Every structure is written in structure tokens, then in C-alpha cells.
Peer 1: 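Here it is, the structure, as C-alpha cells.
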Amino acid sequence: MAIFIDENTRLVVQGITGRDGSFHTTQMIDYGTQVVAGVTPGKSGQSFAGPKGEKVPIFNSMDAAVAATSANTSVIYVPPAFAAGAIMEAADAGIRLIVAITEGVPVLDMARVHAFARDKGARVLGPNCPGLISPGKCKVGILPGQIVTQGPVGVISRSGTLTYEAVYHLTNAEIGQTTCVGIGGDPLIGTTFVDCLEAFARDPETKAVVMIGEIGGTDEQEAASYVREHVRLPVVGFIAGQTAPPDRRMGHAGAIISGSAGTAVEKMAAFEAAGIQVAKRPAEIAELVAAELDR
Amino acid sequence: MAIFIDENTRLVVQGITGRDGSFHTTQMIDYGTQVVAGVTPGKSGQSFAGPKGEKVPIFNSMDAAVAATSANTSVIYVPPAFAAGAIMEAADAGIRLIVAITEGVPVLDMARVHAFARDKGARVLGPNCPGLISPGKCKVGILPGQIVTQGPVGVISRSGTLTYEAVYHLTNAEIGQTTCVGIGGDPLIGTTFVDCLEAFARDPETKAVVMIGEIGGTDEQEAASYVREHVRLPVVGFIAGQTAPPDRRMGHAGAIISGSAGTAVEKMAAFEAAGIQVAKRPAEIAELVAAELDR
Amino acid sequence: MDIHEYQAKVLLRKAGIPVPPGEVAETPAEAEAIAKKLGGTVVVKAQVHAGGRGKAGGVQLAKTAAEARDHTSKILGMEIKGLVVQSVLVTHAEEIATEAYLGVLVDRKLQAPLFMASPAGGIDIEEVARSTPEKLRKLRVDPRYGLLPHQAYWIADFLYDDPDQIKQGAHIAERLWRVFIDAGASMVEINPLITTPSGEVKAIDAKLSVDDNELFRHLEIADMRDTTAEPPAEMLAREANLSYVKLDGTVGCCVNGAGLAMATMDLVSFYGGEPANFLDIGGSSNPDKVVTALEIITADANVKVILFNIFGGITRCDDVAKGIIEAMQRIDIKVPIVIRLTGTNEDAALEILKEAGCAAYTSMDDVVKKAVDLAGAA
Amino acid sequence: MDIHEYQAKVLLRKAGIPVPPGEVAETPAEAEAIAKKLGGTVVVKAQVHAGGRGKAGGVQLAKTAAEARDHTSKILGMEIKGLVVQSVLVTHAEEIATEAYLGVLVDRKLQAPLFMASPAGGIDIEEVARSTPEKLRKLRVDPRYGLLPHQAYWIADFLYDDPDQIKQGAHIAERLWRVFIDAGASMVEINPLITTPSGEVKAIDAKLSVDDNELFRHLEIADMRDTTAEPPAEMLAREANLSYVKLDGTVGCCVNGAGLAMATMDLVSFYGGEPANFLDIGGSSNPDKVVTALEIITADANVKVILFNIFGGITRCDDVAKGIIEAMQRIDIKVPIVIRLTGTNEDAALEILKEAGCAAYTSMDDVVKKAVDLAGAA
């Protein structure tokens with residue numbers, strides 16, 4: 001088992017002919033993801049050549065792509081100015097999970113998009129996220145397939161390479177993952193820690209969860225409350241940005257301490273109050289998970 | 001029994017201090033309607049004097065009015081430029097039935113308003129409608145109370161005085177009404193013939209329904225299909241505008257034959273095909289109802 | 001309120017939709033000057049609020065400026081569906097490869113704007129809907145979100161195969177949506193939306209109707225009203241806040257309420273007469289309004305009898321009766337008047353009318369029969 | 001991106017919000033001229049992107065134009081929270097009866113804009129939220145509908161008792177919402193929103209931050225960027241598409257990925273060092289970017305060691321290693337560099353680095369410890 005994506009995922013790549021879109025499509029096919037279609041307006045009838053000569057048909061619109069291929073998931077590699085439109089197009093075409101990789105989407109666009117997706121019953125992951133991977137089954141986005149391995153740990157993170165770091169240690173310690181989800185570094189994200197926790201809690205194969213948070217917002221605090229009230233799985237947490245100054249954006253659009261709110265200290269305190277083990281260093285994450293799994 | 005309004009209706013009048021608002025508030029109180037509050041921004045703390053010295057408290061906002069009085073229904077007498085805002089305010093305050101009397105509301109405002117009301121689960125009647133009356137129980141709007149009487153007939157109409165004409169004949173023939181509903185003469189109305197038919201069909205005291213339609217749109221055709229498939233009550237119909245020329249607006253914003261669509265002839269044919277008795281003259285409506293009730 | 005083609009094109013152009021250059025002319029000399037300025041072949045198009053201008057000879061191709069002048073002199077003053085042409089649009093003649101249709105209107109059933117597109121342009125879209133519905137693509141636009149980019153693309157994708165034309169079409173659809181919203185329109189259409197042999201997409205003809213109820217927000221559009229384009233009686237009625245529509249019969253109708261007014265017309269017809277007009281005087285008993293109504297009705301030379309049909313609901317019948325009598329005293333009326341008053345205080349009203357020597361009725365059928373009789377006898 | 005108070009006030013004024021007259025000055029003479037033109041008492045306000053201007057002496061009342069000139073000479077060049085004042089706003093001094101707060105920001109949890117209002121204006125709204133939350137009214141604005149008229153009224157109703165002031169407040173709230181949307185703002189606030197003794201409601205101070213991701217749509221606002229108001233290193237980083245934030249420590253950090261960059265800073269601190277900066281070089285292995293990064297880091301005189309922490313995921317470590325070496329060859333670096341590379345192709349990368357004589361690590365803990373040691377020894 002896994003959450004959100006697995007062997008039944010039928011993926012459309014929006015922006016398949018772009019630089020990033022084509023590169024990562026190859027990577028995803030290579031990993032075993034069923035990429036059933038691509039969309040680039042004006043390129044209908046062409047096809048994308050996979051690494052082993054696979055031919056992925058390209059359509060002008062999501063509507064046509066979904067009608068022809070019964071796709072259920074999409075991933076978005078279009079430029080920021082068009083990303084909101086692409087997400088709404090996917091939701092309108094009946095896609096259930098929309099993974100928005102694009103960084104730099106205007107936040108007011110996302111406010112409208114999240115309302116639209118809710119109206120349509122679609123889940124958005126991101127934007128500004130690395131996507132997700134269910135080891136051995138499916139990968140959607142840009143997470144490197146070679147650092148993960150199948151196993152019992154669910155990973156949720158607001159960050160990209162920091163997740164790789166954490167997962168790398170897990171994998172090296174021979175602790176595999178059910179699914180690793182990068183929820184994204186933007187202020188308005190479609191899928192939160194809580195949404196992922198809910199899904200992992202329902203997944204019988206997930207035996208522990210890792211949450212990698214950072215400064216900004218209160219998503220980690222809400223996750224902590226949720227863990228305390230609803231989650232019986234062991235949870236290990238990490239928060240990046242203890243040394244970040246207030247009111248400065250740390251790379252991610254959402255990583256900003258506003259006045260005195262959103263600090264690493266308050267997030268770590270919330271984790272601890274909810275019985276979540278908090279790692280002091282990235283390398284410690286795997287150690288704490290190993291200890292929890294050994295109990 | 002009755003539909004939409006009855007002795008449990010607790011009414012707020014939006015625009016209670018205006019010329020029309022104050023006149024009709026007196027009329028409604030006189031008829032026995034429980035007018036529990038009025039709203040006029042800036043007049044909070046004042047009160048409206050009813051015909052027998054009743055004091056109706058006035059509030060600045062619907063929010064405050066509903067909180068103080070547990071109102072469930074509102075009627076709107078504000079000018080067209082503010083009507084859309086007033087309807088959304090009522091819906092946002094938790095009002096379940098909003099009766100919009102105002103004529104001349106921009107149609108694109110109403111498109112947004114109807115979406116908003118749907119989102120909030122509120123029913124809008126109108127705009128540009130005379131309101132409704134459940135004889136002996138409650139009246140909301142501008143229908144003259146003296147021409148109705150309690151009895152077994154539900155009346156639905158797109159028009160004002162034509163409804164009075166029809167109801168007058170019914171009352172003179174000693175055929176009373178459960179509820180008379182004026183759904184309004186605008187192109188985008190919140191409550192349709194079908195909505196009213198559904199409600200009348202569920203009302204055990206309604207034994208027959210009168211539908212008074214007119215040219216423009218296809219609301220009558222949809223009502224006819226609905227009657228054929230779902231309504232066991234006898235239904236008598238009348239359509240105004242057989243002599244209306246195409247592409248000219250007949251007073252009501254919605255009474256316009258567009259090209260060849262929305263004619264009286266097609267509406268009458270749809271009624272007849274659905275087994276609805278069609279009166280040739282307004283006076284015949286009461287005769288046909290009497291015959292149906294005598295069966 | 002309808003605006004003229006040339007006015008609609010100004011709005012489209014401002015919004016960034018490609019429209020061939022052109023200007024409006026009210027004299028042959030003006031038309032000649034515009035044609036000269038434009039150069040090449042031009043089209044001279046009658047500016048009236050009526051369809052079928054082409055069939056009526058109101059649209060002419062002119063290869064020279066002199067020809068443009070000559071066509072203009074013929075078209076100006078021409079009567080198309082009862083409307084006299086007061087101006088022409090002189091515009092550059094485009095070479096046409098394909099003709100499509102693009103339009104937005106407010107759909108009653110969907111309670112929302114509806115976008116429509118057809119690759120079968122140049123003909124009435126209703127005709128397309130009837131005879132070749134597969135050539136019509138419709139899209140409900142959610143008023144909460146407006147036209148979304150992929151929807152604009154989806155519409156254009158139905159019209160064109162060429163990716164560049166789809167892109168142009170999608171852009172035009174997005175801009176047309178903005179025109180629709182920003183003008184407070186009830187309908188806007190481009191028909192035909194052409195492609196030129198070199199692949200450019202352009203708006204060749206445009207129609208736009210503004211929701212009268214929106215005009216207070218769009219004063220620049222309210223100013224576009226062409227009062228010469230509507231019959232004087234209807235303008236007078238509009239200014240007095242009366243709803244009036246002229247018809248061809250002999251029974252002048254004066255009724256309170258639009259539904260009852262239509263039903264009155266129908267009953268005139270039912271009893272063998274012909275209504276001269278639709279007229280709703282509304283709910284007031286104000287004699288001024290009745291005076292204006294009577295002036296409008298009597299200005300129609302066909303009218304042989306005037307029929308009042310008033311249902312007194314909230315407005316009391318006696319007040320209305322007084323208003324009618326006062327109005328009748330203020331103007332001189334040559335045709336017979338019959339009056340029906342029913343409802344609140346009808347007895348007092350009948351008394352007042354009788355005292356004034358008026359024919360008064362309480363039954364709608366009776367008064368209509370009488371009016372038809374009088375019209376027939378006259 | 002933050003804009004200055006005077007720029008925010010231009011936007012408010014354009015939107016129809018009452019703002020006292022005033023202009024920006026860059027010299028004492030200009031300030032004097034503006035004060036003369038305005039007449040009466042004026043306020044001279046430092047224009048810097050920092051709070052606490054008043055406490056720092058950056059806001060001064062001037063009864064005469066000469067006084068305005070004198071204050072301006074003192075304020076210009078003043079350093080407030082590390083930023084040097086380059087200009088002042090000279091504005092009419094208003095008599096104040098009450099002070100309120102009105103603002104909009106994007107709320108993460110609600111996934112929507114949030115309107116906030118408080119009758120306790122003039123102080124930091126966070127302080128109000130903490131100490132007197134009952135004086136703060138919050139409203140989620142549904143992005144599908146925008147701020148509705150009754151919501152604007154509801155907000156103003158919380159601020160005022162007087163019907164006329166409520167009306168003015170509601171109008172200002174509606175206009176402020178338009179400013180927020182039209183500017184693509186992430187935050188806009190009026191603090192204080194005052195009433196004058198005669199009951200007029202006016203915006204006395206205003207802040208506006210624009211979402212950087214919106215700037216491409218709002219070029220007139222992008223043009224408001226004051227490059228003198230940001231540290232040169234951050235401007236350089238922004239132009240090279242690098243995320244850089246200067247800190248006060250000695251360990252210069254160069255990391256791929258924002259989360260890993262923060263974690264690296266934290267680990268430096270964990271092992272007893274102090275990070276000199278946050279720097280995310282992103283996912284590419286482009287040597288140009290690395291060169292710029294190194295230039296920015298080495299421009300900071302505090303930096304005693306440079307620490308690379310790279311996790312090679314999609315980007316291969318060997319490519320990154322080549323990029324780093326090429327960059328190091330192109331500029332002259334005086335401080336030691338330690339490098340950690342892990343992930344795809346790490347063995348090849350380590351080989352490349354060793355050949356080039358670089359200190360190479362695979363463990364993040366090891367490299368950070370080494371960097372902290374080197375910084376301490378220097």
C-alpha cells in the first residue's frame with residue numbers, strides 16, 4: 001500500500017514538451033510510472049518518446065487527454081503565469097490528484113485555485129513542491145527515485161533536498177518508505193501535513209511517519225494537534241530554520257517568520273507536546289525512526 | 001399547510017425605512033406576518049412603528065438582526081444597485097428564504113447572487129417578483145392580502161397583477177389557496193416553476209396547482225416535463241403573450257421571445273402535452289380548476 | 001439597449017480584439033473621405049438595430065472612394081425593418097478564408113453566462129443550433145470564476161485546427177469575455193469571426209446589447225444610445241418609465257402590470273380585435289403617468305379605441321379612477337375610452353367613473369369585448 | 001517586495017481612499033518647498049522598509065517650512081534597523097480624534113485573503129491580537145466573490161458608532177480591497193486610519209507588500225522597487241535568481257534547496273558556529289551561478305570559511321563538482337572552502353574534488369563540524 005499514488009496511477013504530464021517537463025517525464029517513465037499522456041497546447045497528435053522508445057501521446061487539452069486515456073493524476077511543469085490555469089484545467093477535466101511542481105505561482109492565483117479544486121473535489125499537491133513517490137510503484141514529480149526504497153515509513157515534508165537528506169539516511173539504515181510526499185514550500189498549499197497524516201493513518205503498511213517542517217505558518221502546529229488527537233502511529237519530526245531571522249523569506253515563499261509567529265521553537269514545542277519525537281539534526285531522524293520501529 | 005412561508009415565518013425587512021419598505025411592512029404586519037426586524041444601515045437602535053403600535057427593531061446589518069431575532073426569512077425593498085448585496089448579506093447571515101421584490105437588478109449581479117445563495121443553501125425568490133402569500137398565515141412581499149382566501153389550490157406565476165386577476169376569480173368562485181407564489185419576471189430567477197411544483201407536490205393540503213406563465217425562456221417547458229414525470233396533482237395553466245411580437249421585451253425583463261424561442265404557442269403545446277389543462281382566457285382558469293377539484 | 005456595430009467594434013478594439021480599421025459616416029462626403037483614408041476596397045454598412053441588413057441592400061462593397069460615396073447616398077435614409085438608416089460604417093474589406101461565430105449571452109436555465117462558438121459563421125447562430133447543432137459548442141461560464149484560460153482554449157480549439165489560429169481564437173475569446181463583463185452586456189457576438197488567407201483571425205461584424213439595468217454603472221456606454229434609432233413613442237415611454245411596445249392593431253391598451261397587459265392583448269385578439277400596443281403603466285395612480293400613456297397611445301393614428309384594464313391590488317381602484325379622470329381632463333382625446341377596474345375599493349371607483357360619464361366595467365372579458373366592438377364600428 | 005509609505009499612499013489615493021496631501025523629498029530643500037506648498041504644520045517621515053521609525057526619531061512634526069528642512073537634514077542618512085534613510089515624505093499634519101487599524105493579508109490556514117480591523121490603531125496589530133484580541137475583527141474573504149458590500153460594512157461597523165463614519169469606513173474597506181487585488185499584494189494595511197475631530201476618516205500611514213510572483217503582471221508597481229533600500233548583496237542575488245539572506249556569523253553557506261540550506265545553518269549553530277548567511281543556489285550545476293554565489297558570500301567580510309552542502313538528486317553530483325571547481329578557478333577566494341556532496345554519482349564527484357585538491361565530505365555533520373572548526377581557528 002501507499003498513499004495518493006501507486007500502480008493504478010495514470011499520469012498526464014502538463015507541459016510535457018518543456019525543458020523540465022520532458023526531462024522529468026523520462027525519469028518518471030524510467031521509474032515505472034504509467035505516464036499515459038502529455039498536454040501541450042498546439043501539439044496535439046505528436047508524441048513524446050520515452051527512454052525505451054515508449055510513445056506518450058500529446059494532446060492540446062486536459063479534456064482531450066483524459067477522455068482518451070482515463071488519466072486520474074496530473075503533474076504540472078508549466079511556467080508560473082500559466083500554472084493556475086493548468087491546475088484548474090486539470091480539476092475541470094476530472095483529475096483527482098494534481099501535483100503542481102511549478103515554483104513562483106502568484107499566491108492570489110492559488111487562493112482562487114484552491115477554491116476551484118475544492119469545488120471540483122480534486123486534491124492539489126503543491127505548488128512549489130517536489131512531488132511524491134511511492135517506492136517501487138510510482139513517482140510523480142522530481143524526487144530522485146534512486147534514494148528511496150520500499151518499506152514502512154511515511155514521509156511528509158515542506159522541502160525538497162532536505163527530504164532527500166532525510167530519506168537517504170533512512171534508506172541507508174535499511175528503513176524503507178511507503179510514500180514520500182513533498183507538500184511544498186509556498187504559503188498556500190493544497191495538501192497539508194494533516195491531509196497526509198490522515199492518509200498515512202489509514203494506510204495499513206505505514207508503521208511510522210516522518211514530518212519535516214520549517215519556519216512560517218502554523219501547518220506544523222495543526223499537524224501536532226492532529227497527531228495528538230487522531231494518530232496512533234509513531235511520528236518523528238524535524239523543523240528547519242531555528243537560526244532564521246524574523247521577517248525574512250528563507251528561499252521558500254512560505255518560509256518566513258511573521259513577527260513572532262511561525263518560529264522553529266514554537267513548532268518544535270508543539271511537536272513535543274503532541275508526543276512527536278523531534279530530531280535535532282537531519283541525521284538523527286533515521287535514528288529516531290529506527291528506535292520507534294524497534295519497539 | 002402551505003409552502004415556503006407560514007405561521008413559523010420570522011421575517012426581516014431589508015430596506016424597512018424606505019418608501020416601499022415601510023408601506024409594505026405595515027401591510028404585512030396588518031395581514032399577520034411576524035415581522036421581527038428591519039435592516040437599514042445607520043439606523044440601528046431605532047424602531048419601525050407597526051399599524052397597531054407594534055415596535056419592530058431596526059438593525060444596521062442582517063447579521064445583527066438574525067442574531068437578535070432568530071429570523072429565518074427576509075424580504076428586500078432596497079434599490080436595484082444594492083439589491084444583489086442585500087441578498088448576499090441575507091444568505092450570509094443564515095436566512096433560508098430571501099424574497100427579492102426589487103425590479104431592475106443587473107442580470108450579471110444575479111448570476112453571482114444565485115451562485116452565492118446556492119453555496120450558502122439559501123432559497124431566493126425573485127428578483128422582480130411580488131412575493132408570496134399563504135392565506136390566513138403569512139404574507140411576504142406586495143401581494144394584496146384581501147384577494148386571497150385559504151383553500152386547496154397552489155398558485156405559481158411569473159406576473160403580478162395577472163396573478164391577482166386569476167386569484168380573484170378563484171376566490172370569487174370560493175376556491176381558496178394554500179400558497180400563491182410570484183416567482184418573478186426577470187431572466188435569472190432564484191425559484192422556478194419546478195421548485196414550486198416540487199414543494200406543492202409535497203404539501204398534503206394542496207389539491208391542485210395553477211401555473212401562470214408568459215413568453216420568454218423555457219421555464220414553463222421544464223415545468224411541463226416535471227409535471228408529466230413527477231406531479232400527480234391536477235394542474236391548470238395559462239400563458240400570457242400570444243400576441244407579443246418577437247425580440248421585443250414585454251415589460252418584464254424576462255418576457256422576450258428570442259428569435260423563435262420562448263413563444264406562447266410552444267409553451268401551451270408543452271403544457272398540453274404534459275396533460276396540463278390550458279385556459280384560453282384568465283377567467284377560464286378558475287372554471288378549469290373548479291372542474292378538476294369536482295372530479 | 002442595443003448599440004451599433006461601429007460602437008461595438010470600438011469596444012472590441014479597445015479590449016485588444018483585432019478589428020479591421022473603419023469609421024462611421026453620416027454623409028456621403030464623410031464616407032468618401034474615410035474610404036480615401038483607408039485605401040483599397042471598403043465595405044459600406046448601414047448602422048441600424050436590425051438583422052438582415054445585407055439582404056435589404058444595406059451592405060455594399062466599394063472599390064473606390066467615389067463608389068463608397070455613391071453607396072452611402074443610397075444606404076442613408078433606407079428603411080430596414082421599419083428603421084431609417086442614419087449612418088454607415090466604412091471599413092476596410094478583408095479577404096476571407098473561413099467564417100466562424102463567437103458569442104456570449106446570459107442563459108436563463110443555467111443562471112449564468114453562456115459562451116457559444118461555431119465554425120459555421122456568417123449565418124444566424126439560431127439557425128446553426130437548429131439545423132447543425134453539432135457545429136455549435138456551448139460553455140457555461142461559472143460567474144464565480146469567469147472564463148478560465150483552458151475554457152477559452154477549448155472554445156477556440158473547436159473553431160480551428162491550426163495551433164496559431166487556436167491561440168488567436170483563445171485570446172479573442174478571453175478578450176470578448178472581458179468586453180461582455182466590462183460593458184454589463186446581456187449579449188455580445190462576433191459574427192463572422194474570420195480568418196484571412198494569411199491566417200489572421202479578425203472580427204468582421206459585432207453586436208452588443210447592454211443590460212438596461214447595468215447602464216448606471218457604464219455611463220460611457222449609456223452615452224452610446226442612439227435615440228434616432230428607436231421610435232419616438234418608445235423613447236417617450238422609456239423616459240416616463242413606462243413599458244411600451246407598438247403593435248399594428250386598433251385597440252389601444254393601457255394596463256397595470258406586464259403580465260396582465262399581455263393577457264389583455266391576447267384577450268383582444270381572442271375576441272377578434274387587434275391590440276395596438278403593449279403598455280404597462282405600473283402600480284401608481286399618478287395622473288402624470290396616465291397622461292403620458294394616453295399621449296403615447298393617441299399619437300398612434302391606428303388607434304380607434306382606448307382600453308384601460310386595471311387590477312387594484314395595493315393601489316386602490318378609487319385612486320386610479322381619480323387619476324384617469326384627471327388625465328382625461330388634461331388632454332383632448334378623440335377616440336372612445338372604456339375602463340375596467342377591479343379589486344380594492346372597486347365600488348367607489350365605479351361610482352367616480354360613472355359620475356364622470358365614463359363607460360366602466362368590472363369584468364375583463366366584458367370590457368375587452370366592448371373595446372373590440374367599438375374598434376370594429378369605428 | 002515592500003514599497004515605501006509614500007508609494008503605497010499614491011495607490012490608496014488613486015483608489016479613492018482619503019489620504020492627506022504630501023510628497024516625497026530627497027533633499028532638505030525639496031522638503032522645505034513641499035512644506036511651504038502644503039502650508040501649516042507638516043510631518044516629515046523617513047521612508048525606509050522598517051518598522052519603529054518613530055522611536056528611531058525618523059518621524060518629526062514641523063510647524064514651519066524651515067523646521068521641515070531642518071528635520072529632513074537630520075533624518076536623511078539616518079540608519080534605522082540597518083537601513084539608511086534616502087528620502088522623506090512631507091505630509092500635512094492631521095488632527096486626530098481616533099486611530100484605527102485596517103488591513104488585508106493572505107492567510108495560509110484559511111487559504112484566502114483575510115481582512116482585519118481594529119479600533120485600537122496606531123500600534124502593531126500583532127500586539128493587539130496578543131493582548132486585546134477582542135479589539136480585532138477578522139474576516140475571511142472568499143476569493144470567488146471578493147469582499148462583499150455587507151462585509152465591508154461589517155468591518156467598518158466594528159470600528160465606528162457614527163453612521164457616517166461607518167459609511168466612510170466601509171467605502172475605504174472596499175477600496176482597500178481593490179488596492180490589494182489590483183496590486184497583487186500579499187499585505188496592505190492602513191495604520192492608523194484616523195478620524196479627524198470633524199469626523200472625516202483618513203489614512204495616515206500605509207504599508208503594502210507585493211507578492212514577488214505577481215510583479216510580472218504589475219509593471220508599474222515593479223517599477224516602484226527602491227534598489228537603494230535593500231543591501232547590495234541581496235540585490236545581486238535576486239538578479240541572479242539566488243535566494244540570499246545575510247546573517248551575522250562567520251560560516252558562509254552555499255546549499256542547494258531552501259530547506260537543506262536552513263538545516264545547514266541550524267547545524268552550524270548546533271555545532272557551536274554561526275552561519276553568515278542563508279543561500280540557496282537551486283538545482284542547477286551552472287558554474288555562473290556558483291560564481292555569483294561565491295562572490296556574494298566573499299563580499300561579506302565576516303566570512304571565515306565557505307561551506308558547500310549539496311545533495312545531488314536529479315542534478316548529478318559530478319556535474320555539480322565540476323561546476324564548483326570551474327567557479328573556484330574563475331574567482332580568487334581567500335578563505336578555506338569545505339564541500340559536502342552526496343547523492344547521485346557521489347563517488348565520481350568526490351574523485352573530481354580530490355583531484356582538484358578540495359576538502360570533500362559525504363556527511364553533513366562531518367562537513368559542518370569541520371567548517372565550524374575552521375571558522376573558530378581563523
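All figures in this text were calculated on a predicted structure; none of them were measured in a lab. So that the names make sense, note that chain A is the first sequence line, chain B the second, and so on, each numbered from 1.
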Peer 1: Under 4.5 Å, heavy atom to heavy atom, which residues of residues 282-289 of chain A contact chain D?
Peer 2: A:Pro282, A:Ala283
Peer 1: Report yes if the side chains of A:Leu125 and A:Ile183 come closer than 4.5 Å at any heavy-atom pair, otherwise no.
Peer 2: yes
Peer 1: Tell me, side chain or backbone of A:Asp119 under 4.5 Å from chain D's heavy atoms, or both, or neither?
Peer 2: side chain
Peer 1: Heavy-atom distance under 4.5 Å to chain A: side chain of D:Ala261, backbone, both or neither?
Peer 2: neither
Peer 1: Charged N to carboxylate O under 4.0 angstrom, D:Asp107 versus D:Lys109?
Peer 2: no
Peer 1: Under a 4.5 Å heavy-atom cut-off, does chain A meet the side chain of D:Tyr145, its backbone, both or neither?
Peer 2: neither
Peer 1: Is the closest basic N to carboxylate O distance between A:Arg248 and D:Glu234 below 4.0 Å?
Peer 2: yes
Peer 1: Could you tell me if the side chain of D:Met1 sits less than 4.5 Å from the side chain of D:His49, heavy atoms only?
Peer 2: no
Peer 1: Check whether A:Ile212 gets within reach of chain D through its side chain, its backbone, both or neither, counting any heavy atom under 4.5 Å.
Peer 2: neither
Peer 1: Side-chain contact test, heavy atoms from C-beta onward, threshold under 4.5 Å: evaluate it for D:Leu267 versus D:Met364 and give yes or no.
Peer 2: yes
Peer 1: Do A:Thr171 and A:Gln177 have side-chain N/O donor and acceptor atoms under 3.5 Å apart?
Peer 2: yes
Peer 1: Give me the contact list for residues 100-108 of chain A versus chain D, heavy atoms only, anything under 4.5 Å, ordered by residue number.
Peer 2: A:Gly104, A:Val105, A:Pro106, A:Val107, A:Leu108
Peer 1: Which atoms of D:Gln111 are under 4.5 Å from chain A, going by heavy atoms: the side chain, the backbone, both sets, or neither?
Peer 2: both
Peer 1: Need one label for D:Asn256: side chain, backbone, both or neither, based on atoms under 4.5 Å from any heavy atom in chain A.
Peer 2: both
Peer 1: Ion pair present between D:Lys207 and D:Asp2, side-chain N to carboxylate O less than 4.0 angstrom?
Peer 2: no
Peer 1: Which bit of D:Asp212 is near chain A, if near means a heavy-atom gap under 4.5 Å: side chain, backbone, both or neither?
Peer 2: neither
Peer 1: Please flag which part of A:Phe116 lies under 4.5 Å from any non-hydrogen atom of chain D: side chain, backbone, both or neither.
Peer 2: neither
Peer 1: At a 4.5 Å cut-off on heavy atoms, which part of A:Ala264 comes close to chain D: side chain, backbone, both, or neither?
Peer 2: neither
Peer 1: Before accepting this row, confirm whether a basic side-chain N of the pair A:Arg281/D:Asp365 lies closer than 4.0 Å to the acidic partner's carboxylate O.
Peer 2: yes
Peer 1: Taking only Lys NZ, Arg NE, NH1 and NH2, and the carboxylate oxygens of Asp or Glu, determine whether D:Arg340 and A:Glu165 approach each other closer than 4.0 Å.
Peer 2: yes
Peer 1: Tell me if the centroids of the rings in D:Tyr244 and D:Phe278 come within less than 6.0 Å of each other.
Peer 2: no
Peer 1: Is any side-chain heavy atom of D:Leu279 closer than 4.5 Å to one of D:Cys253?
Peer 2: no
Peer 1: Counting heavy-atom pairs under 4.5 Å to chain A, which of D:Phe180, D:Phe270, D:Phe216 comes out on top?
Peer 2: D:Phe270
Peer 1: Closer than 3.5 angstrom, by distance alone: can the side chain of A:Arg158 be matched with the main-chain N or O of A:Glu214 as a donor-acceptor pair?
Peer 2: yes
Peer 1: With rounding to the nearest 0.5 Å, note down the distance linking CG in D:Leu307 to SG in D:Cys254.
Peer 2: 8.5 Å
Peer 1: Does any heavy atom of chain A fall under 4.5 Å from the side chain of D:Asp266, the backbone, both, or neither of them?
Peer 2: both
Peer 1: Counting heavy-atom pairs under 4.5 Å with chain D, which one of A:Arg249, A:Met110, A:Gln27, A:His24 comes out on top?
Peer 2: A:His24
